[in-house]
J.: 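The following block contains the structure, expressed as structure tokens.
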Amino acid sequence: MEIAGIKISHPDKIIFPDLGLTKGEMVEYYEKISEYMLPHLKNRPLTLLRFPDGIEAEGFHQKNVFDYFPDFISRVEVPTESGNKMQFYCDSLESLIYFANQGTVSFHTWLARQDRLNEPDKVVFDLDPPDNGDFEEVKESAQLIKKYLRKKGKKPQLMTTGKTGLHIWYPAQRVKTFDERRDVIKSMALELEEMYPELLTTEVRIENRENKIFLDYLRNAYGQTSVCPYSLRSNASAGVATPLEWSELSAIDSADHYTYQNIFRRLGQK
DNA sequence: GCTCTTA
DNA sequence: TAAGAGCAACGCCGC
DNA sequence: GCGGCG
Ligand SMILES: [Mn+2]
Ligand SMILES: [Mn+2]
């Protein structure tokens with residue numbers, strides 16, 4: 001098996017046991033989704049979530065390039081607390097298929113692009129419901145946050161994460177650093193928590209969240225990542241992070257409404 | 001998935 | 001020859 | 001400075 005010039009190893013290996021979904025099928029998924037996904041990946045440093053032995057085995061995160069990565073993988077030097085690291089991004093079908101063949105199930109991207117690492121072009125509010133949380137409350141929270149952001153003149157967008165939560169994000173001009181945006185973003189999150197105290201919490205410590213939805217505004221910082229649109233997720237249903245129109249939200253009953261199995265039906269009809 | 005270390 | 005380890009640590013928060 | 005968190 002060969003896709004985009006990449007020789008696919010062990011195409012019959014099972015990656016998602018509950019669905020019987022194989023590595024070959026996963027790679028084909030990323031080939032088919034590439035026209036939708038690549039624009040979101042382009043120029044954004046990445047964290048790969050790799051499960052070479054399937055999602056029920058131990059996986060690992062990867063953010064630094066391995067020596068054996070081929071030359072066509074685009075590199076970017078990233079300053080960190082512990083020194084400069086050579087990281088990478090995905091800007092072609094070839095690299096997307098290469099990463100998938102490496103056992104990558106999920107792609108998590110920066111909110112800033114490779115050429116200006118400290119100036120985000122997106123602001124994200126990540127809604128993380130508690131274990132056994134009610135998805136209807138996540139939907140309600142998303143609508144309330146949408147209304148709040150619109151009142152502030154923003155253009156909030158919606159995405160299912162493919163697991164249990166939703167993302168609400170809006171585009172930003174690359175004129176401020178993460179640090180320069182932090183105070184405003186944090187005060188919006190705190191105000192939302194104050195407006196809807198039954199629904200939302202910004203408590204970092206789980207034991208203080210009282211089973212409310214964690215309004216995770218902390219993604220909006222240097223070096224942090226969140227799941228990329230159209231990435232598969234490492235859950236049994238092979239959920240897909242799916243951008244939605246706001247009008248579609250009422251008809252959705254879970255964050256993994258769209259999956260490997262039905263995402264192309266949706267994209268076909270759009 | 002792949003490499004490197006150690007046995 | 002094979003088994004086992006490593007592969008993210010970073011940035012933030014609140015204490 | 002440290003543990004917790006994603
Ligand atoms: Mn989340
Ligand atoms: Mn989160």
Side-chain angles (χ1 to χ4, degrees), chain A residues 1 6-15 22-24 26-27 30 45-55 57-70 73 76-89 95-112 117-118 120 123-131 133 161-167 177-187 189-190 193 201-209 212-228 231 233-234 241 255:
Chain A
M1 184 178 184
I6 308 292
K7 170 100 177 105
I8 306 307
S9 57
H10 307 109
D12 296 326
K13 192 171 190 175
I14 301 287
I15 302 298
T22 66
K23 185 170 173 234
M26 182 172 83
V27 175
Y30 278 114
L46 273 175
T47 296
L48 307 179
L49 275 57
R50 294 177 54 185
F51 296 85
D53 295 316
I55 62 165
E58 199 75 11
F60 63 94
H61 295 227
Q62 180 178 8
K63 54 207 308 191
N64 300 317
V65 290
F66 286 157
D67 288 341
Y68 63 78
F69 274 13
I73 301 299
V76 53
E77 182 102 357
V78 174
T80 75
E81 261 180 11
S82 60
N84 286 3
K85 307 287 180 176
M86 192 58 82
Q87 303 195 6
F88 53 89
Y89 53 97
S95 55
L96 181 58
I97 298 305
Y98 178 80
F99 292 135
N101 184 52
Q102 288 288 298
T104 302
V105 170
S106 302
F107 296 76
H108 288 223
T109 46
W110 282 43
L111 298 177
L117 291 171
N118 207 17
V123 172
V124 177
F125 290 101
D126 169 23
L127 294 179
D128 291 334
D131 290 348
T161 63
K163 282 198 164 170
T164 63
L166 296 171
H167 285 181
T177 64
F178 285 106
D179 282 352
E180 287 164 350
R181 289 191 184 278
R182 183 162 53 238
D183 286 355
V184 169
I185 291 169
K186 180 172 183 176
S187 62
L190 293 179
E193 177 183 39
T201 178
T202 61
E203 275 287 341
V204 173
R205 298 182 74 99
I206 292 172
E207 59 174 3
N208 294 336
R209 288 185 195 162
K212 299 172 194 168
I213 297 163
F214 179 47
L215 176 54
D216 181 3
Y217 64 94
L218 297 168
R219 297 308 86 226
N220 301 286
Y222 179 82
Q224 303 305 294
T225 62
S226 58
V227 67
C228 183
S231 175
R233 305 305 305 273
S234 58

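Quick note on labels: first sequence line is chain A, next is B, and so on, each numbered from 1.
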J.: Output the rounded distance in Å from CZ (A/Arg182) to P (C/dG14).
T.: 11 Å
J.: Is A/Asn118 reaching over with its side chain to a backbone N or O of A/Tyr222, donor-acceptor style, under 3.5 angstrom?
T.: no
J.: Phosphate oxygens OP1/OP2 of C/dG11: is one of them under 4.0 Å from a side-chain N or O of A/Thr80?
T.: no
J.: Looking only at atom C1', what distance separates C/dA9 and D/dG3, rounded to whole Å?
T.: 15 Å
J.: Does A/Lys13 reach the main-chain N or O of A/Pro52 with its side chain, forming a donor-acceptor pair under 3.5 Å?
T.: yes
J.: Who are the side-chain contact (heavy atoms from CB on, under 4.5 Å) partners of A/Asp67, not counting sequence neighbours?
T.: none
J.: How many whole angstroms separate atom CG of A/Asn84 from atom P of C/dA9?
T.: 13 Å
J.: Return the value, rounded to whole Å, for the distance between atom CG of A/Leu46 and atom C1' of C/dC10.
T.: 16 Å
J.: Exactly one of A/Ile73, A/Leu46, A/Ile6 should register a side chain to side chain contact (heavy atoms under 4.5 Å, CB included) with A/Ser95. Which one does?
T.: A/Ile73
J.: Expressed as a whole number of angstroms, how long is the span from A/Leu218:CG to C/dG14:C1'?
T.: 11 Å
J.: Separation of A/Tyr68 atom OH from B/dC4 atom C1', in whole Å?
T.: 12 Å
J.: Run the numbers on A/Asn220 and A/Arg181 for side-chain contact (heavy atoms from CB on, under 4.5 Å), then give the verdict.
T.: CA-CA 8 Å; A/Asn220 301 286; A/Arg181 289 191 184 278; over 6 Å; no
J.: A/Phe99 and A/Phe88: aromatic ring centres closer than 6.0 Å?
T.: yes
J.: For A/Leu190 and A/Gln224, take the nucleotide of DNA chain C holding the closest heavy atom to each; which residue's nucleotide lies nearer the 5' end?
T.: A/Gln224
J.: For C/dA8, take OP1 and OP2 only and decide whether either is under 4.0 Å from a side-chain N or O of A/Thr47.
T.: no
J.: Would you say A/Lys186 places a side-chain N or O within less than 4.0 Å of OP1 or OP2 belonging to C/dC12?
T.: no
J.: When the distance from CG of A/Asp67 to P of C/dC7 is rounded to whole Å, what number comes out?
T.: 13 Å
J.: Applying a 4.0 Å non-hydrogen cut-off, can you work out what A/Asp53 is touching in the nucleic acid: base, sugar-phosphate, or nothing?
T.: nothing
J.: Pick base, sugar-phosphate or nothing for A/Phe60, based on heavy-atom distances below 4.0 Å to the nucleic acid.
T.: base
J.: Taking all atoms of both residues into account, what is the closest heavy-atom pair of A/Pro129 and A/Gly165, and its distance?
T.: CD-CA, 3.8 Å
J.: Check step by step if side-chain contact (heavy atoms from CB on, under 4.5 Å) holds for A/Ile185 and A/Phe125.
T.: CA-CA 9 Å; A/Ile185 291 169; A/Phe125 290 101; 4.2 Å; yes
J.: Side-chain N or O of A/Asn64 versus OP1/OP2 of C/dA8: is the shortest distance under 4.0 Å?
T.: yes
J.: Considering only atom C1', compute the distance from C/dA8 to C/dC12 and round it to an integer number of Å.
T.: 15 Å
J.: Looking at the side chain of A/Gln102, which of C/dA8, B/dC2, C/dC12 is the nearest nucleotide?
T.: B/dC2
J.: Contact boundaries of DNA chain D with chain A (under 4.0 Å, heavy atoms), 5' to 3'?
T.: D/dG4 to D/dG6
J.: Pick the P atom in D/dC5 and in C/dC7, then give their distance to the nearest Å.
T.: 23 Å
J.: Counting side-chain heavy atoms from C-beta on, which of C/dC13, B/dG1, C/dC10 comes nearest to A/Val204?
T.: C/dC13
J.: Below the 4.0 Å mark, does B/dG1 have OP1 or OP2 next to a side-chain nitrogen or oxygen of A/His10?
T.: yes
J.: May I ask you to say what A/Asp179 touches in the nucleic acid, namely base, sugar-phosphate or nothing, with a heavy-atom cut-off under 4.0 Å?
T.: sugar-phosphate
J.: Remember a base hit wins even if backbone is also touched, and classify A/Phe66 as base, sugar-phosphate or nothing at under 4.0 Å, heavy atoms.
T.: base
J.: For A/Glu81 and C/dG11, what is the distance between atoms CD and C1' respectively, to the nearest whole Å?
T.: 7 Å
J.: Go through A/Asp183 and A/Lys186 one step at a time and tell me if the salt bridge (Lys or Arg N to Asp or Glu O under 4.0 Å) criterion holds.
T.: CA-CA 5 Å; A/Asp183 286 355; A/Lys186 180 172 183 176; over 6 Å; no
J.: Within this structure, what is the CD1-to-P distance between A/Ile8 and B/dC2, rounded to whole angstrom?
T.: 11 Å
J.: Need one value for A/Ser226: base, sugar-phosphate or nothing, where a base atom within 4.0 Å counts as base even if backbone is also close, heavy atoms only.
T.: nothing
